[in-house]
Asker: 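I have a structure I would like to understand better, so I am pasting it below and will then ask my questions one at a time.
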Amino acid sequence: MEIQVAIIILLVAVIIAELAIFLIATIMQLFKINAGLSVVLPLVGQIVAKTGPVNPVVDDINANLVVTRDALENLMLKKAGPDSAGLVESLFPGEGAKFLRRVGRTGKVVNVGTVYTRGVGILAGLGRGAPIGAAHIKGAAVRDPKYSTTEVAKLYPAPPDRRDPTRNIPKAPVIGKDPVHSPYEAALTPGTRTRDAQGRKIETPPPSAPPAPGSRPWER
Amino acid sequence: MADAALWIMVVVLAVVILLLLQLLKRVLQAATSIPAKIDAIAGVAAAASKDLDAVAVLLTTQGYIQSIRASVLDYGGSLDAALPDY
């Protein structure tokens, strides 16, 4: 046998051995991969099964929240009118414009909270008889703690549709159309009305003597 | 002439051995790297599956939201009746 043939046979044997060694090693790795995947696949199945009901549940939650939001927004529009966006803006800055877009309205959003401190807007909504400016916001409450409901009943003795039309009680003022100028006069005499419900000036009564201690109803 | 052909064949086979060695080495490397990644994926999948146990609580949340919706709508109806319209 010639030397070349012997070398060729040797080289072919090396090739076969090389192929066998590497292919066996690769097959071993494939077995490991198969085992690993058999562990992973059930876990992926669990994930799929557990996330399956998420979409319908979240959709249902979103639908409920949207219905609730729409109902409350419609109620606010019905009760607060053009001030609605300003009220929303005062509670959630930046949401007033979105609110207007949602309800299909346009206009300037005036943050009610920057014009009126919290609570004053509510008092203003009660009507011109509300004691706006009667005292400092940080001062004592401008109401009789004992007979406050009586005072409110005097302002509005009945809901608008059941009020006596001859009394001509004015409608609640619009807040926020021109926030720079308050619809209320500056209170020169806190706690005292200078004009009546029809806008006529009220004659200033002569100063009365302060009540004797113990004569007030809440001191008895 | 026949000798030359045999030597050429020897050289070709030697080159083939080297190329085959490189090729099979890369295949084995790729195959070896896969089990480690699968183990990592299995760990993550197990943790994710465990985390998703909390998804069942969403059903409770759904129930709460439905109750809240009903309460808010009732409350809104009461406010609608109690407060004057603008």
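Here is the naming used below: chain letters follow the sequence lines, and residue numbers restart at 1 for every chain. Bear in mind that the values here come from a model prediction, so they are computed numbers and not experimental data.
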Asker: Most heavy-atom pairs under 4.5 angstrom with chain A, which of Gly43(B), Ser49(B), Ala70(B), Ala42(B)?
Answerer: Ser49(B)
Asker: Measuring heavy-atom distances to chain A, does Lys25(B) have an atom under 4.5 Å in its side chain, in its backbone, in both, or in neither?
Answerer: both
Asker: Of the non-hydrogen atoms in Thr26(A) and Ala31(B), which two are nearest, and what is the gap between them?
Answerer: CG2-CB, 4.2 Å
Asker: Is Val58(A) in contact with chain B via its backbone, its side chain, both, or neither, using a 4.5 Å heavy-atom distance?
Answerer: side chain
Asker: Could you look at Leu72(A) and say if it's the side chain, the backbone, both or neither that has a heavy atom under 4.5 Å from chain B?
Answerer: side chain
Asker: Picking from Ile17(B), Leu52(B), Leu6(B), Leu13(B), which has the most non-hydrogen pairs under 4.5 angstrom with chain A?
Answerer: Ile17(B)
Asker: Are side-chain heavy atoms of Asp3(B) and Glu2(A) found at a separation under 4.5 Å?
Answerer: yes
Asker: Side chain, backbone, both or neither: which part of Val57(A) has an atom under 4.5 Å from a heavy atom of chain B?
Answerer: both
Asker: Which one, Leu73(B), Leu28(B), Val12(B), leads in non-hydrogen pairs under 4.5 Å with chain A?
Answerer: Leu28(B)
Asker: Is Leu37(A) close to chain B through its backbone or its side chain, or both, or neither, when contacts mean heavy atoms under 4.5 Å?
Answerer: both
Asker: Lys50(A) and Lys50(B): which non-hydrogen atoms are nearest, and at how many Å?
Answerer: NZ-N, 4.4 Å
Asker: Which one of Asn74(A), Leu77(A), Asp60(A) has the most heavy-atom pairs closer than 4.5 Å to chain B?
Answerer: Asp60(A)
Asker: Checking Leu19(A) against chain B: side chain, backbone, both or neither under 4.5 Å from a heavy atom?
Answerer: both
Asker: Checking Val10(B) against chain A: side chain, backbone, both or neither under 4.5 Å from a heavy atom?
Answerer: both
Asker: If you count heavy-atom pairs under 4.5 Å between each of Leu23(A), Ile7(A), Leu30(A), Leu10(A) and chain B, which one has the most?
Answerer: Ile7(A)
Asker: For chain A, find which of Ile65(B), Leu79(B), Val16(B), Ile41(B) contributes the most heavy-atom pairs closer than 4.5 angstrom.
Answerer: Ile65(B)
Asker: Around Arg69(A), counting heavy atoms of other residues, nucleotides and ligands shown, do more than 12 lie under 6.0 Å from its CZ?
Answerer: yes
Asker: When rounded to the nearest 0.5 angstrom, what distance separates CG in Leu19(B) from CD1 in Ile15(A)?
Answerer: 10.0 Å
Asker: Tell me, out of Ala80(A), Ala49(A), Ala71(A), who's got the most heavy-atom pairs with chain B below 4.5 Å.
Answerer: Ala80(A)
Asker: Who in residues 61-68 of chain A is close to chain B, using a strict under-4.5 Å heavy-atom cut-off?
Answerer: Ile61(A), Asn64(A), Leu65(A), Val67(A), Thr68(A)
Asker: Between Ile47(A) and Ala45(B), what is the shortest heavy-atom contact and its length?
Answerer: CD1-O, 3.6 Å
Asker: Is any side-chain heavy atom of Glu18(A) closer than 4.5 Å to one of Leu21(B)?
Answerer: yes
Asker: Do Lys32(A) and Ile38(B) have side chains that get closer than 4.5 Å, going by heavy atoms?
Answerer: no
Asker: If you count every heavy atom of other residues, nucleotides or ligands that lies below 6.0 Å from Arg102(A) atom CZ, does the total exceed 12?
Answerer: yes
